[in-house]
Amino acid sequence: MQHEWTDQKREEWIARRVERRRKKVPPPKDPERPRASSLDVERADLLDNLHNVTTKTFAWELGKYPPEPYPAPFSGKLYLPICYMGDDYGRTIKFTEGQDLNLLVYQFYDAPPDAGYEGPNFVTPHKLAMKRHEHMGPAPHVTGFRFDAAERTARIEWWDAYVQALWIGRRTWRIEVYFDDAVGGWVSRPRGDFDRAPDLERYMGS
């Protein structure tokens, strides 16, 4: 999956990179045409910056009220795992376009687990007044959602700050970038429909 650029978006991205490169000390000879070595640095810096934004800005701690809403881009169903690195297709809830997905997630995991649930608990070993979020890892955070517009589904993208793991369902995931010929530079690779791409709104290379 790759980004689809409008002429305006492409020109804006290129202009932001040129502006950043002109501010370098010393400035490059040709800010509009980075050399191969500069592109290598751009890729490394982009990966680092995207990881920091994802885990430190987008991510919110599951056991606390979400700091901002996440409006759903369409109506559909949200998959909800009930344990760390667990299958997320077992439980679903419906959502409507514009509904706050972060709030839906918080409310589900702030509730007690199902009666008789015996999954590992990372917070309350004596099983007193348990909540679902206690089964989601040592330090579970929600970084966002992976949308499938055709299937009308959303899956939670997780970050565990203690084990330093990005995961979704039974698998880990990673932030990826690719070289986009449309702009002549490295950009984030979308992981689904309506993917948040902060590097398309501000230049995050060097």
Side-chain angles (χ1 to χ4, degrees), residues 1-61 67-74 85 88 101-102 139-151 153-206:
M1 183 176 288
Q2 297 186 359
H3 295 292
E4 296 182 2
W5 299 88
T6 63
D7 290 342
Q8 179 180 350
K9 287 291 186 181
R10 182 179 64 251
E11 292 171 2
E12 289 175 348
W13 189 95
I14 293 173
R16 286 193 291 267
R17 180 170 70 176
V18 170
E19 181 182 6
R20 172 72 66 84
R21 287 175 55 76
R22 283 176 174 162
K23 292 179 180 179
K24 294 175 72 72
V25 179
K29 293 181 179 180
D30 189 350
E32 297 184 18
R33 294 175 177 82
R35 295 182 299 178
S37 59
S38 296
L39 291 173
D40 289 341
V41 174
E42 176 181 78
R43 179 182 183 278
D45 286 350
L46 176 60
L47 280 168
D48 285 343
N49 289 331
L50 286 172
H51 187 273
N52 287 335
V53 167
T54 300
T55 60
K56 297 178 181 179
T57 302
F58 290 162
W60 54 274
E61 188 175 348
E68 59 183 24
Y70 197 125
F74 52 76
M85 293 284 290
D88 60 359
L101 295 179
N102 279 348
H141 291 66
V142 175
T143 69
F145 302 88
R146 191 169 301 184
F147 297 105
D148 187 323
E151 297 292 331
T153 60
R155 301 177 68 194
I156 302 170
E157 291 188 330
W158 299 90
W159 160 249
D160 194 289
Y162 182 79
V163 297
Q164 299 285 292
L166 294 163
W167 63 278
I168 180 170
R170 293 186 179 274
R171 299 181 178 181
T172 58
W173 62 276
R174 63 179 181 175
I175 296 166
E176 297 182 355
V177 298
Y178 71 98
F179 187 83
D180 197 314
D181 291 327
V183 295
W186 290 93
V187 295
S188 60
R189 184 178 296 280
R191 296 184 297 278
D193 299 311
F194 304 99
D195 191 57
R196 288 194 290 190
D199 60 309
L200 301 195
E201 303 300 326
R202 66 180 190 274
Y203 181 66
M204 299 178 67
S206 62

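Rounded to the nearest 0.5 angstrom, Glu176 CD and Arg191 CZ are separated by 9.0 Å. A distance of 7.5 Å separates CG of Asp180 from NE2 of His3, quoted to the nearest 0.5 Å. Summarising the geometry, atom OG1 belonging to Thr153 is positioned 9.5 Å from atom CG belonging to Asp88; distances are rounded to the nearest 0.5 Å. Rounding to the nearest 0.5 Å places CD of Glu68 at 7.0 Å from CG of Asn102.
Looking at every heavy atom in both residues, Arg17 comes nearest to Pro34 through CZ-CG, 3.7 Å. The two residues Arg155 and Ile168 have their closest heavy-atom pair at CB-CD1, 3.8 Å. Counting all heavy atoms, side chain and backbone alike, Arg146 lies closest to Gly192 at CG-CA, 4.4 Å. Contact detail for Leu39 and Gly184: the closest heavy-atom pair is CD2-O, 3.9 Å. Nearest heavy atom pair, residue Trp13 against residue Gly185, reads CH2-CA, 3.9 Å. When all heavy atoms of Pro198 and Val53 are compared, the pair lying nearest together is CG-CG1, 4.1 Å.
Within the structure, salt bridge (Lys or Arg N to Asp or Glu O under 4.0 Å) contacts touching residues 196-206 (residues at least two apart or in different chains) are Lys9-Glu201. Identified under the side-chain hydrogen bond (donor to acceptor under 3.5 Å, both in side chains) test for residues 160-173, with sequence neighbours left out: none.
For the pair Ser188 and Leu46, the minimum side-chain heavy-atom distance is 4.5 Å or more. Using a 4.5 Å heavy-atom threshold, the side chains of Met204 and Leu50 count as touching.
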For this session: For Tyr178 and Val187, run side chain to side chain contact (heavy atoms under 4.5 Å, CB included): C-alpha distance rounded to whole Å, both residues' side-chain angles, the deciding distance at 0.1 Å, then the answer.
Result: CA-CA 6 Å; Tyr178 71 98; Val187 295; 3.6 Å; yes
Problem set entry | Evaluation steps, side chain to side chain contact (heavy atoms under 4.5 Å, CB included), between Val142 and Tyr70 | CA-CA 11 Å; Val142 175; Tyr70 197 125; over 6 Å; no
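A cation-pi geometry, defined here as NZ or CZ lying under 6.0 Å from the six-membered ring centre and within 45° of its normal, holds between Arg43 and Trp186.
Each of Arg21, Arg20, Glu42, Glu12 was evaluated against Tyr203; a single residue qualifies, Glu42, per the side-chain hydrogen bond (donor to acceptor under 3.5 Å, both in side chains) test.
Between Phe74 and Phe147, the ring-plane angle classifies as perpendicular under the 30° and 60° cut-offs.
Looking only at distances, no side-chain donor or acceptor of Thr143 sits under 3.5 Å from a matching main-chain atom of Phe58.
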